[in-house]
Amino acid sequence: AVRLSVRLQLVSRLKAEIEKSVDELARMVSLEMGKVFSEATAEAKRLATFCDLALEHAEEVLSSRPIHAPGKRAFSVFEPLGVIFSITPW
């Protein structure tokens with residue numbers, strides 16, 4: 001499994017690449033999907049914002065948590081499943 005710190009570095013790099021390529025990504029979305037350029041630009045910027053949210057909340061969301069279970073010791077554990085990422089036109 002890849003450590004969380006490494007995964008967060010990858011998300012940070014992805015965000016930087018998205019921000020560098022906003023106009024190019026928007027142009028491709030406009031050409032391929034017929035979206036207005038300004039809407040396609042906003043869509044690419046939202047993707048960068050999503051990366052920010054992931055970076056900000058990942059540790060909290062992925063941390064183990066105790067579960068209330070009277071008479072038992074229980075907790076939830078989040079384990080990586082692999083790459084789960086999608087850029088879709090819809």
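Start at 1 with the first residue, then count along the sequence. When reading the values below, keep in mind they use all heavy atoms of this one structure, side chains included, and skip hydrogens, waters and symmetry mates.
Proximity of a side-chain donor or acceptor of S30 to a complementary backbone N or O of K35 within less than 3.5 Å is detected. Between the side chain of S63 and the backbone N or O of E60 there is at least one donor-acceptor pair closer than 3.5 Å.
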>> Set out, in order, the CA-CA distance, both residues' side-chain angles and the distance that settles salt bridge (Lys or Arg N to Asp or Glu O under 4.0 Å) for R13 and E17, then state yes or no.
In response: CA-CA 6 Å; R13 283 178 42 205; E17 290 298 321; over 6 Å; no
>> Using the rule given for side chain to side chain contact (heavy atoms under 4.5 Å, CB included), can you reason through L31 versus R27, listing the C-alpha separation, both sets of side-chain angles and the distance that settles it, and then say yes or no?
In response: CA-CA 6 Å; L31 291 172; R27 184 181 56 75; 3.5 Å; yes
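A 6.0 Å sphere centred on CD of E39 holds more than 12 heavy atoms belonging to other residues, nucleotides or ligands. Around the CZ atom of R73, the shell of radius 6.0 Å holds no more than 12 heavy atoms that belong to other residues, nucleotides or ligands.
From E56, atom CD reaches atom OG1 of T49 across 11.5 Å, with rounding to the nearest 0.5 Å. Here the straight-line distance linking atom CG of L25 with atom OG1 of T41 works out to 9.5 Å at 0.5 Å rounding. Atom-to-atom distance recorded for L14:CG and E19:CD is 10.0 Å, nearest 0.5 angstrom. Separating the CG atom in L53 from the NZ atom in K15 is a distance of 10.5 Å, to the nearest 0.5 Å. Separating the CG atom in L55 from the CG atom in L8 is a distance of 6.0 Å, to the nearest 0.5 Å.
The cluster map of Ile, Leu, Val, Met, Phe, Trp and Tyr, joined by side-chain heavy atoms under 4.5 Å apart, puts V22 and F50 in different clusters. In the hydrophobic clustering of ILVMFWY residues, with side-chain heavy atoms under 4.5 Å counting as a link, L62 and V11 come out together.
Closest non-hydrogen pair, F37 versus D23, comes out as CE1-O, 3.7 Å.
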